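Values below: all heavy atoms of this structure, side chains included; hydrogens, waters and symmetry mates excluded. Computed from a prediction, not measured in an experiment: that's the story for all the values here. Whatever order the structure lists them in is the order used to number ligands and atoms, beginning at 1.
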Amino acid sequence: MWFEGKGYGKAILLGEHFVVHGARGIGIGIPLKTVVRVRRAPSIAFSVQCGDLLKEATRRILKRVAGDVNFEVWVESWLPAGAGVGWSASYCVALARAAAKAIGKKMENAEVAEIAFEGEKVFHGNPSGIDNALAAHGGVLIFRKGRAPEAVALGGKFHFVIANSGKKRPTKELVEMVSSFREGKPEEYRAMEEAEDWLVEKALEALRKGDAETLGKVMNNNNELLARLGLSTPKIEEIRRIALEEGALGAKITGAGGGGCVLILAPDARKAKEIAGKLKEFEAFSFTL
Ligand code: PMV
């Protein structure tokens, strides 16, 4: 008998990379999911082909949830992998939930997020924990490493588009690149972190007031900081230009950068659909929070 678990994707609205070093970040759950099904088996087995990292993350999560009980694992995802929208975290969360269901164990979201973090460490080396928190809780969260995430109550509707610029380098590599920048240029990094924290404050105010215009400006400013860290690419900037010319309020790298997805804010649902249409070649889709 198969048991199913789900984990949702995420986009980082503000604070990627800075969250790894203890700053605040804001993330949003997105309505694309990964589904994992498990059934008892003599040893861990996969119904799909997968790499060593996925196998190791699976082993650790199953051990934490079910001890010595083993499973065959089946997975399907609507999220692009390695594109900054939290594929690995959504997998880890879905797997933890499916295994818990299979052995009749009840788990709160906080426990699911904590167990998924074990898998995230296999994929990303030194993750902040923001991806697994969002994959488990969904919604809009303010996050700081090592603390319980806080939900943000929105003062209005926000209309987003996500477009994929294509291949990106692994998160681990990009996190290491920013960590080297931080060590090599501590004063410059400090100034950027302060700027980022100010943007997080402005974004929180805007989210709580339902002020999409301010949020869009904050997203553009955030993209400038990420670009200064070397995380933008010509394709990312092309997507941003098309979106802004079409009337987007803001557009930014989301996640580790170096490729991957761009998060775009539109003034209304109709505009969001239009922008997604213009960015069809980048697998764009729109959604409202
Ligand atoms: O792995 P991605 O691209 O979904 O984003 C991870 C976000 C980072 O801040 C770059 C890393 C982290 O662990 O917070």
Heavy atom of the protein closest to [atom] (residue, atom name, distance):
{"atom": "atom 3 (O) of ligand 1", "answer": "K168 NZ, 2.6 Å"}
{"atom": "atom 7 (C) of ligand 1", "answer": "I12 CD1, 3.6 Å"}
{"atom": "atom 11 (C) of ligand 1", "answer": "V20 CG2, 3.7 Å"}
{"atom": "atom 9 (O) of ligand 1", "answer": "H17 N, 2.9 Å"}
{"atom": "atom 14 (O) of ligand 1", "answer": "S128 OG, 2.5 Å"}

For ligand 1, which atoms, with element, lie under 4.0 Å from some heavy atom of [X]?
{"X": "G255", "value": "3 (O), 5 (O)"}
{"X": "I130", "value": "14 (O)"}
{"X": "G84", "value": "2 (P), 3 (O), 4 (O)"}
{"X": "G86", "value": "4 (O)"}
{"X": "P127", "value": "13 (O)"}
{"X": "V19", "value": "9 (O), 14 (O)"}

Does either side chain, that of [X] or that of [Y], offer a donor lying less than 3.5 Å from an acceptor on the other one?
{"X": "N222", "Y": "K202", "answer": "no"}
{"X": "S77", "Y": "W87", "answer": "yes"}
{"X": "S47", "Y": "E72", "answer": "yes"}
{"X": "H124", "Y": "S88", "answer": "yes"}
{"X": "N223", "Y": "E237", "answer": "yes"}

message = Check for me whether K10 has a heavy atom closer than 4.0 Å to any atom of ligand 1.
response =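 The answer is yes, since K10 has a heavy atom less than 4.0 Å from ligand 1.
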request  = Examine ligand 1 and decide if any of its atoms is less than 4.0 Å from a heavy atom belonging to G260.
outcome  =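 It does not, in that no heavy atom of G260 comes within the 4.0 Å cut-off of ligand 1.
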task = Could you please spell out the steps behind the side-chain hydrogen bond (donor to acceptor under 3.5 Å, both in side chains) verdict for Y8 and T34?
result = CA-CA 6 Å; Y8 282 85; T34 297; over 6 Å; no
message = Are V140 and L32 connected into the same hydrophobic cluster when the rule is that any two of I, L, V, M, F, W, Y join if their side-chain heavy atoms are below 4.5 Å apart?
response =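 Hydrophobic grouping puts L32 with V140.
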message = I'd like to know if M192 and I26 are part of one continuous hydrophobic network [Ile/Leu/Val/Met/Phe/Trp/Tyr, side-chain heavy atoms within less than 4.5 Å].
response =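 Cluster IDs for I26 and M192 match.
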Please check whether [X] reaches ligand 1 - meaning an N/O of the residue sits under 3.5 Å from an N/O of the ligand, judged on distance alone.
{"X": "E16", "value": "no"}
{"X": "T171", "value": "yes"}
{"X": "A256", "value": "yes"}
{"X": "T254", "value": "no"}

inquiry  = Please check if the number of heavy atoms outside E213 that lie under 6.0 Å from its CD is greater than 12.
reply    =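 Count not over threshold, so no.
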ask   = When you look for heavy atoms under 4.0 Å from ligand 1, do you find them on the side chain of L174, its backbone, both, or neither?
value =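 Answer for L174: neither.
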request  = Answer with yes or no after comparing the ring centroid distance for Y189 and F18 against a 6.0 Å cut-off, counting only values under it.
outcome  =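 Yes; F18 has its ring centre under 6.0 Å from that of Y189.
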query = Is NZ or CZ of R37 both nearer than 6.0 Å to the six-membered ring centre of W74 and within 45° of the ring axis?
reply =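 Yes - R37 lies over the ring of W74, closer than 6.0 Å to its centre and within 45° of its axis.
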